[in-house]
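Scroll down for the structure; my scribbles are underneath it.
Atoms considered below: every heavy atom in the structure, side chains included; atoms not considered: hydrogens, waters and symmetry mates. For ligands, and for the atoms within them, numbers begin at 1 and follow the listed sequence.
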Amino acid sequence: MDLPQLAIAALGGTVSMQARNAGEGVVPTVSGETLLASVPELTALARVNVETLGLLPSASLDFEFLLSVLSWANFQIKQGAVGVVISQGTDTLEETAALFDYLWEHDEPLVVTGAMRSAAQAGADGPANLLDACRVALAENSRLRGVQVVMNGQIHAACRVRKTDSLALQAFSSPAFGPCGMLVENTTRYLRPPAPRTVLPLPQQTTQKVAMLETSLSADTLLLENILELGYDGLVIGGFGAGHVSQSWADVIEKIAKKIPVIVATRTGSGSTAQSSYGFIGGEMDLIRKGVSMAGFLCPRKARILLWLLIGCQRQDELASFLLED
Ligand code: ASP
């Protein structure tokens, strides 16, 4: 029987990390080919094209590089792959998955995975996650769902997933929504039907800068006051509660929102911003009046990705419809 074609890209991260010498910390060293050798079961499931596109800690991934990874993935689909798997560090995985999801134009799935334990650590989760990710990427019922994150036996929608634990094996969750599926006896099972998606074109421009600040008790406005002068093209604020800031922040934000798009999300880690509940200065009704967009369920980090992409393809006027869709 002709096996389906699957493409895997390794970018680095803990899944690919080992200590060079005893007593040293782990660093990315393990290639995609070696990762693939840790899951011999895969040879019975697919013809695999694996490539090591980078060996980076995910904190050092950037938009330029990720757009080149995306173009590699697009090419794999054109060459006949039924799905693509990207393995990378978990620290920024929730952001890269969102970036890919906004741009992924194919019916075929793109699956992002990683590991919480490094390659040589006892109970390393890299091989199991990689095999699960491949199973999800090969599954017929993964089509039309955009980008999925597969970690620890669960499948999460790219737009919902967050890293919610720094070191635990169960580090990823989708607060307020839960996983959209799971692997049951090696079978890909979804808990919800695919949701409609709007895909953005590739950004024509990549030099735009979107700042992200978080509110905190009794915070000064020094950074905020300099956002425009520093040349930022957009601003995302992780606001208190349902999307709130202090009075002093609200005054400065009003001036900024006259010049560049400003989104306020919640810094709480779960739930949506409000629209029509709080009327105090710095509350969401006041901020909306001042020209701010509320992020809804989008966390500050994903809101920043969305705004960066929209500015990059000159579609920032459509921000409200993207946030509403969410
Ligand atoms: N701790 C990270 C990881 O889980 C390191 C990284 O993101 O590269 O992969």
Side-chain angles (χ1 to χ4, degrees), residues 8-39 50-70 72-73 84-101 110-134 136-137 147-175 179 183 212 269 299-302 304-305 308:
I8 303 177
L11 309 187
T14 295
V15 65
S16 71
M17 290 196 196
Q18 270 180 346
R20 290 208 177 94
N21 297 297
E24 286 180 4
V26 295
V27 292
T29 47
V30 179
S31 69
E33 292 74 5
T34 308
L35 287 180
L36 185 63
S38 70
V39 286
V50 64
E51 282 185 45
T52 309
L53 301 182
L55 275 176
L56 290 164
S58 72
S60 295
L61 297 173
D62 62 31
F63 289 146
E64 296 283 351
F65 174 68
L66 290 167
L67 291 175
S68 75
V69 173
L70 184 74
W72 176 89
V84 175
V85 172
I86 292 175
S87 111
Q88 66 154 88
T90 58
D91 288 352
T92 59
L93 197 150
E94 64 191 277
E95 286 161 88
T96 58
L99 177 87
F100 291 143
D101 194 45
L110 187 152
V111 181
V112 190
T113 192
M116 293 304 294
R117 293 181 182 152
S118 57
Q121 217 174 328
D125 52 332
N129 287 342
L130 181 61
L131 189 55
D132 281 351
C134 292
V136 171
V147 177
Q148 311 295 313
V149 169
V150 173
M151 290 289 292
N152 209 23
Q154 294 186 330
I155 310 169
H156 294 271
C159 56
R160 305 290 179 213
V161 70
R162 302 184 194 188
K163 187 174 187 181
T164 48
D165 197 292
S166 55
L167 288 167
L169 203 56
Q170 180 56 36
F172 284 80
S173 59
S174 299
L183 284 117
M212 193 173 84
C299 71
R301 295 175 287 275
K302 291 189 203 282
R304 176 175 166 269
I305 302 278
W308 185 85

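With a 4.5 Å cut-off on side-chain heavy atoms, Pro175 and Thr164 count as touching. Using a 4.5 Å heavy-atom threshold, the side chains of Asn152 and Asp125 count as separate. Looking at heavy atoms from C-beta onward, Lys163 lies in side-chain contact with Asp91 at the 4.5 angstrom threshold.
Contact shell of ligand 1 (protein heavy atoms, cutoff 4.0 Å): Gly13, Thr14, Met17, Pro57, Ser58, Gly89, Thr90, Asp91, Ala115.
For Ala128, there are no side chain to side chain contact (heavy atoms under 4.5 Å, CB included) partners, not counting sequence neighbours. Glu95 is linked by a side chain to side chain contact (heavy atoms under 4.5 Å, CB included) to Thr92, Arg301, Arg304, Ile305, counting only residues two or more places apart in sequence or in another chain.
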Output side-chain donor-acceptor pairs under 3.5 Å for residues 21-28, partner residues at least two apart or in another chain, one line each.
{"residue": "Asn21", "atom": "ND2", "partner": "Glu24", "partner atom": "OE2", "Å": "3.2"}

